[in-house]
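Working notes, structure below.
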Amino acid sequence: MSEVAQEKQDLPAIERCHVLICAGAACVASGAMEVEAAMKSKISALNLEAEVSLFDTGCVGTCDLGPVVIVYPEGTFYVKLKPADAEEIVTEHLLKGRVVQRLLSKDADHVEVPSIFEHPFFAKQKRIALRNLGVINPESIDEYIAVGGYASLGKVLEMTQDEVIKLVLDSGLRGRGGAGFPTGRKWAFAKAVEADQKYVIINGDEGDPGAFMDRSVLEGDPHSVIEGLAIAGYAIGATQGYAYVRAEYPLAIKRLQIAIDQAREYGLLGKGIFGKFDFDLEIRKGAGAFVCGEETALMRSIEGMRGQPRPKPPFPAVSGLWGKPTIINNVETLANVPAIIQNGPFWYSSFGTETSKGTKVFALAGNINNTGLIEVPFGTTLREVVFEIGGGIPNGKEFKAVQAGGPSGGCIPASLLDIPLDYESLQKAGAIVGSGGLIVMDSDTCMVDVARFFLEFTVDESCGQCTPCREGTKRMLEILTKITKGRGTLEDITKLETLAKAITQTSLCQLGITAPNPVLSTLRYFRDEYLAHVVDKTCPAKVCRELITFDILPDKCTGCTICARNCPTHAISGERKQAHVIDQSACIKCGECLVRCKFDAVVKV
Amino acid sequence: MKTLEDLKRIREEALKAMKVREGEQGTKITVAMGTCGIAAGARETMSALLDELNKRGITDVTVTQTGCKGLCEQEPMIEVTRAGEAAVTYGHVDAERARRIVAEHIVNGNLVGEYIVSK
Ligand SMILES: Cc1cc2nc3c(=O)[nH]c(=O)nc-3n(C[C@H](O)[C@H](O)[C@H](O)COP(=O)(O)O)c2cc1C
Ligand code: SF4
Ligand code: SF4
Ligand code: SF4
Ligand code: FES
Ligand code: FES
C-alpha cells in the first residue's frame, strides 16, 4: 500500500446527515459564509458534530436564491437563508427532524418543493460538466476521488495516445470556449507535431458579460478541470500545463491552487503519475482584458508580453507557447473530458443533436424568474430553457428576445422560441452558442439600446491593432448613439450595414470579426424598431430618454405633491390638491415622478 | 499515486463517508425527536445508533429523525424499516437497546420482539 493510502486509515466516520452549503461566488456575496458560521456554532452548541457534518460545495445553479443549503439524505433544499434561519434549521430539522417549511424553495406556483431531487429547475437538466457542483466539497480531493475522480486519468494512461484521441473524437466533444472546434481534432494536430516540449493550457479567462460557468466550475469542481488537462497533456505528449484564470476570480484561483496542491500531494500531478506519466500545472493570472481570452493573445500574455492576438496560421497546435506545440482548451470543455473517458464516447454522444453532441452549460440572466447556471443537452429548445427551467418572465411581462453568445452573438426573437439550442441552429439564426450566456429580455427592452450596449463593450475591449475593429466599431457606436437620441437617418442604417461588412471582412481576430453581430441581428429581427427611432423619432419600448416624455394626467392627479417634492430639477409645479404639470424644458427624464406617484397619474409616452 | 489499486482504496473509503448524500438507502432508522423524546434520552439513542453502525462499518442505512409521535410514554422510540418490509417501532430505546437493535435487526434481520411497541 502506498503512503497516501495508509494515511487514509483514519477517515471521517459515517454520519447520519450531511449539510452542503453553496460556496459559489454569488452565494458568498449574499452571505453564505455568515450562514455557515451560524450553523456551525449552533451545531456545536447542540453537540451534533459527531453525527452531522457541514461542507462547502460548488454553485448549485440557483444563484439568485442564495445562500442555499442542501440537507442530505432527504435532499431538502433551503433557500435565501439568513444566519437566524440557519440556526432554526439546526434546531428544528437537524435536531428534531422537522423540515422548516417556510425556508424551502418554491416552484412557479409558489408551492414548496420538498427536495432537490424533485425541483423543476433541475428536472430538465443533464449535468455532465457540472456533475459535481452541489454534490462534493471542492476542497476535498477524497470526495472527488469518491465520485470516480482521477480514475479516468488512470484509465487513459493504460491506453495509447491515439486511442485517447480517437475516444474524444468519437464522443463528438466540441470546444466550449466559443468556436466549437472538435476537441479530438485539435488534440490530433498537436500530437502529430514532433517537438521536445509541448504545452496544454486551461482557458479560464471568461470575459463575456453575463457568463460565469467557467468560474463556477473552477470554484466548484477544480479537480475535474485538472484531470481533463492532464488527459489532454498525455494525449498530445505535453508534460507542462498552465491554467490562465482571470485575476477577478480570486475564489476560483484559490480553490484551483488548493486542488493542485492536493493532487501533487497524492502524486496525481508531478513525476510518475500512476508510475507512467510526468505532468505538472501552474496558475497564471489573467490581466483582465477580454481579448486576452483569445488563444494567441492569451499565450502572449503568459509569455509576459502584452495580450494582443496575432494572425493564424501558425496555429497554436503547431507553434504556440514559446513557439512549441500548444493546446488551449476551455474550462468547461476540459471538465467534460473525465466524464467522457469514464462513461465512454457513445454515452456522451447519445446526448445532443447530430452535429452538437453532449450538453452545454448556459448562464441565464436578465428578465427571467430563475437566473443562474443550467446544463442541458444540445437541442433543448429555447422555450424549454426560458419557460420550464427558467420559470418564465417576471412581473407578467412578455418575452421579447434572448441575446445568445454575448458581444459576439446575436438576439433571437420570440418567433424563434422553438429553436433548438445547438451550434448550427443558433448560427443560422444569426446568434452563436459562444460561451453560453443567455440574456433574456422582456417587452420593456429597446433593441437598439441593446445593440448599443454590446457595441460599447467591444469598443472598450478592442486591442486596437487593426483599424477596422478599432475605428469601425467606434463609428458604428456613434451612429447607434445618434439613433437612440432621435437624430438618426435612414442612411445611417445603410451605413451600419456597410461598416459591419467591412469590419467582419478585414479584422484580424474574432473579436473584430464578430463585433457587428449584435447590430446585424437586431437589424434583422427588429428593423421596425430602428425605423421607429429614425423615422417617427419614437422609442417603442420607451427606453431611449431623448425620445420619451413624462406627462401628468390631470384627471388622475390628486395634487398630492409627492412628485414635485422628489423631482431633482424642480420641473413639476402645481398647487396642493390641484393637478400638477411638468415643465418639459426642465425635465431630465429621470423617471422619479413615475415611480413616486401613487395614483398612476404620471405616464411615459 | 503509484497504481490504480491505490486510487481504488481511497475511493472506497471516501465513498462510505459520502453515502448519506445519495439519498435514502435500503434500511431506514427513524428516531423520534419530539420534545419529550429528547427529554427521555433520544439524543443518547441517536449517538449510540450511529456509533454502533460506524463500528460495524455499515453504510447502507439511513438514520433520520422525526418529530412527535404522540406516544410520549414510550419514548425514546425508534422505527426501523428494511427495504420491502413493514416499519417496526421500538419503545424505551436507550443506548444499550439501540446497540442490540442494530446487531439483531439491522445485521441479522431478526426482530427484537420484547421492545416492539404495538400501536
Ligand atoms: C476576443 C476573444 C475572447 C475569447 N475569450 C475566451 C474565454 O474567455 N475563454 C475561452 O475558453 N475561450 C475564449 N475565446 C476562444 C479561444 O480563442 C479559444 O478558441 C478557446 O479557448 C479554445 O478552447 P475550446 O476549443 O475548448 O473552446 C476567445 C476568443 C476571442 C476571439
Ligand atoms: S480584431 Fe480588434 S481585438 Fe482583434 S486584433 Fe484586431 S483590433 Fe485587436
Ligand atoms: S405624485 Fe401623482 S398624484 Fe401626486 S401630484 Fe404628482 S402626479 Fe399628481
Ligand atoms: S422625469 Fe424626473 S426630471 Fe422629469 S419631471 Fe419626472 S422627476 Fe422631474
Ligand atoms: S453561487 Fe450558490 S447557487 Fe450559484
Ligand atoms: S413529544 Fe414525544 S411522543 Fe409527543
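Any value given below was found using the heavy atoms of this structure, including those in side chains, with hydrogens, waters and symmetry copies removed. Protein chains get the first letters and strands the later ones, always in sequence-line order, with residue 1 at the start of each.
Between the A/E143 side chain and the B/A14 main chain, no donor and acceptor come within less than 3.5 Å of each other. Between the side chain of B/E13 and the main chain of A/A146, no donor-acceptor pair closer than 3.5 Å is present.
Atom NE2 of A/H93 sits about 6.0 Å away from atom CD of B/Q65, to the nearest 0.5 Å. Considering CG of A/L94 and OG1 of B/T64, their distance stands at 12.0 Å, rounded to 0.5 Å. Summarising the geometry, atom CZ belonging to A/R16 is positioned 12.5 Å from atom CG belonging to B/N54; distances are rounded to the nearest 0.5 Å.
A pairwise comparison of heavy atoms in B/L7 and A/F274 identifies CD2-CZ, 4.0 Å as the closest pair. For B/T62 against A/P73, the heavy-atom pair with the smallest separation is CG2-CG, 3.3 Å.
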Check against side chain to side chain contact (heavy atoms under 4.5 Å, CB included), A/Y266 and B/D6: CA-CA 10 Å; A/Y266 273 42; B/D6 295 342; over 6 Å; no
Worked verdict on A/E158 versus B/L4 for side chain to side chain contact (heavy atoms under 4.5 Å, CB included): CA-CA 10 Å; A/E158 316 216 305; B/L4 279 170; 3.9 Å; yes
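The residue among A/R98, A/E92, A/E51 with the most heavy atom pairs within less than 4.5 Å of chain B is A/E51.
In this structure, the portion of A/L20 lying under 4.5 Å from any heavy atom of chain B is its side chain and not its backbone. Residue A/I70: no heavy atom, backbone or side chain, is found under 4.5 Å from chain B. Heavy atoms closer than 4.5 Å to chain A are found nowhere in B/I29, neither backbone nor side chain. Only the side chain of A/F55 comes within less than 4.5 Å of a heavy atom in chain B; its backbone stays farther off.
Checked options B/R11, B/E12, B/K8; the residue passing with A/I145 is B/R11 (criterion: side chain to side chain contact (heavy atoms under 4.5 Å, CB included)).
Within a 6.0 Å radius of CD in A/E118, other residues, nucleotides and ligands contribute more than 12 heavy atoms.
At a threshold of 4.5 Å between non-hydrogen side-chain atoms, the residues B/M18 and A/V147 count as touching.
Scanning residues 39-50 of chain B against chain A with a 4.5 Å heavy-atom cutoff picks out B/R43, B/M46, B/S47, B/L50, ordered by number.
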